[in-house]
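Working notes for the structure below.
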Amino acid sequence: GAEIEAKKLHLITDFAATPATVVGDVVRLQQVFWNILRNAAKFTPPEGLITVTTASVGQGKHVEVCITDTGMGMNAAEIGRLFNAFTQGDHAGETGSHQFGGLGLGLAISRMLVELHSGRISGTSKGPGQGSTFTVQLPVRAAAGSESVTGTNSFIRKPAITSNMRASRILLVEDHEPTRTALTQLLIRRHYVVVQASGVKQALATAEKEKFDLLITDIGLPDGDGYEVMRAMRQSQHLKGIALTGYGMQEDIEQSHMAGFDAHLTKPITIQALEAALASVATVAPVL
C-alpha cells in the first residue's frame, strides 16, 4: 500500500500453506487482512519489516495466516482489549487523542468477520517496542463437492425453512454502517432473519409494513433515540427488545427497562454478551 511505500517498509512473504479452498466472502476476508496490514504499516517505523506467512495447521483442516511487524508492540493491557470497538492502545495518549487516526473499529470488525467464517483471530506481542503478530485461522473446505461462496455481499447460507417452522424476524436499528453490517451477519449466522434500519424514521416506517419478533436498536440515533422506536413497536407489535448503548450506568439500564427493553448491551459489544442477550429473550428462538 501507499503507506508501506512511503515509509520504505520491507515486506517479506512466505506462503507455505498447502493450497486449499476457504469457504467465504472474498471481499470480507480481504477487509480483514487489509485492516491488519494497515495497522502493521501504521505502527511500524520507517524501514521496518512486515512479514506475512501462511501454514497448514490442524492436520490440514485450517489455514493459518500470520502478519508480524517490527513496530510499537503492545503491553498486556493493550492485548487484552485489542478487539474491543472504539478503543486504541496506550499510544493514543492520556487525553484519548487518536493521534494515529481511526476509532479502533478495524480489529473489532475483523474479529466479527473472522468468526463469521468459523475462524479465529488473535494478537500477541513480546512487549512495547518489540513488534506485534496477528494470527488468523480459517477452516478449509472439507469436501470437494462443497459449495464455495465468493465475491458476494452475503456469505452465510440461510437455513432451509419448512412449513412447520419460521425464522424469528429481527429489526436491527443502527446508524453506524460497519457495526450494523457486522451485527447483521452475526445474527444471520445464528439463523435469524434480519431487516436493517439506520434511524428512527426508517425503523418506524418499516415496522408499519412488516411484523417482527425482536427489536435490537442503538439508543443514540441521528433522528431521535431507540427509546422512541421501542415504545412504538412495543405498543403496536408487542415484541421484545435489546438496547445497544455506549453507556452502562445503572440509570441507563433502568431507563432501557422503563422504555420496554428486555436486555441492555453496552458497547463495545462482545460475541458472548450478544449471545447471552439473545438467550435471555427466551421466546425469540432461531431456526436450527
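The model shown is predicted, which means the values in this text are computed figures rather than measured ones. Only heavy atoms go into these numbers, but all of them, side chains included; no hydrogens, no water, no symmetry mates.
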Nearest-0.5 Å distance that lies between atom [atom1] in [X] and atom [atom2] in [Y]:
{"X": "M72", "Y": "E78", "atom1": "CE", "atom2": "CD", "value": "7.5 Å"}
{"X": "R120", "Y": "E64", "atom1": "CZ", "atom2": "CD", "value": "8.5 Å"}
{"X": "I67", "Y": "S132", "atom1": "CD1", "atom2": "OG", "value": "12.0 Å"}
{"X": "D218", "Y": "H176", "atom1": "CG", "atom2": "NE2", "value": "10.5 Å"}
{"X": "L116", "Y": "R28", "atom1": "CG", "atom2": "CZ", "value": "9.5 Å"}
{"X": "S256", "Y": "I242", "atom1": "OG", "atom2": "CD1", "value": "11.5 Å"}

Heavy-atom side-chain proximity of D262 to S280 below 4.5 angstrom: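 Result no, sub-4.5 Å side-chain heavy-atom pair not found.
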For T68, the option from T135, T124, T133, T51 that meets side-chain hydrogen bond (donor to acceptor under 3.5 Å, both in side chains):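 Output: one option passes, namely T133.
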Between I219 and F261, is the side chain to side chain contact (heavy atoms under 4.5 Å, CB included) condition met? List the steps. CA-CA 11 Å; I219 296 302; F261 286 101; 3.9 Å; yes
Keeping [X] on the side-chain end and [Y] on the backbone end, is there a donor-acceptor pair under 3.5 Å?
{"X": "S56", "Y": "T18", "result": "yes"}
{"X": "T266", "Y": "T245", "result": "no"}
{"X": "T70", "Y": "G48", "result": "no"}

Between D223 and K201, is there a salt bridge with N-O shorter than 4.0 Å?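 No, no charged N to carboxylate O under 4.0 Å.
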Checking side chain to side chain contact (heavy atoms under 4.5 Å, CB included) for the pair V136/I36: CA distance, chi angles, key distance, verdict? CA-CA 10 Å; V136 175; I36 299 172; 3.8 Å; yes
Can you name the side chain to side chain donor-acceptor pair (under 3.5 Å) partners of Q196, sequence neighbours left out?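 Partners of Q196 by the side chain to side chain donor-acceptor pair (under 3.5 Å) criterion, ordered by chain and then number, come out as R180, T184.
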Residue among T179, V173, L265 satisfying side chain to side chain contact (heavy atoms under 4.5 Å, CB included) with L244: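 Running side chain to side chain contact (heavy atoms under 4.5 Å, CB included) over T179, V173, L265 with L244 returns exactly one hit, L265.
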Within the supplied structure, the quantity of interest is the number of heavy atoms (other residues, nucleotides, ligands) at a distance under 6.0 Å from Q235 CD; does it exceed 12?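 Atom CD in Q235 is not crowded, with 12 or fewer foreign heavy atoms closer than 6.0 Å.
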Heavy-atom count around K126 NZ within 6.0 Å, excluding the residue itself: above 12?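 Result for NZ/K126: open.
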Go through it in stages, so that I can follow the logic: the residues are D69 and F43, the test is side chain to side chain contact (heavy atoms under 4.5 Å, CB included), and I'd like the CA-CA distance, side-chain angles, deciding distance and then a yes or no. CA-CA 8 Å; D69 63 61; F43 300 124; 5.8 Å; no
Judged by modelled atom types alone, do T181 and Q185 share a side-chain donor-acceptor pair under 3.5 Å?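 On atom types as modelled, these side chains do not qualify, holding no pair under 3.5 Å.
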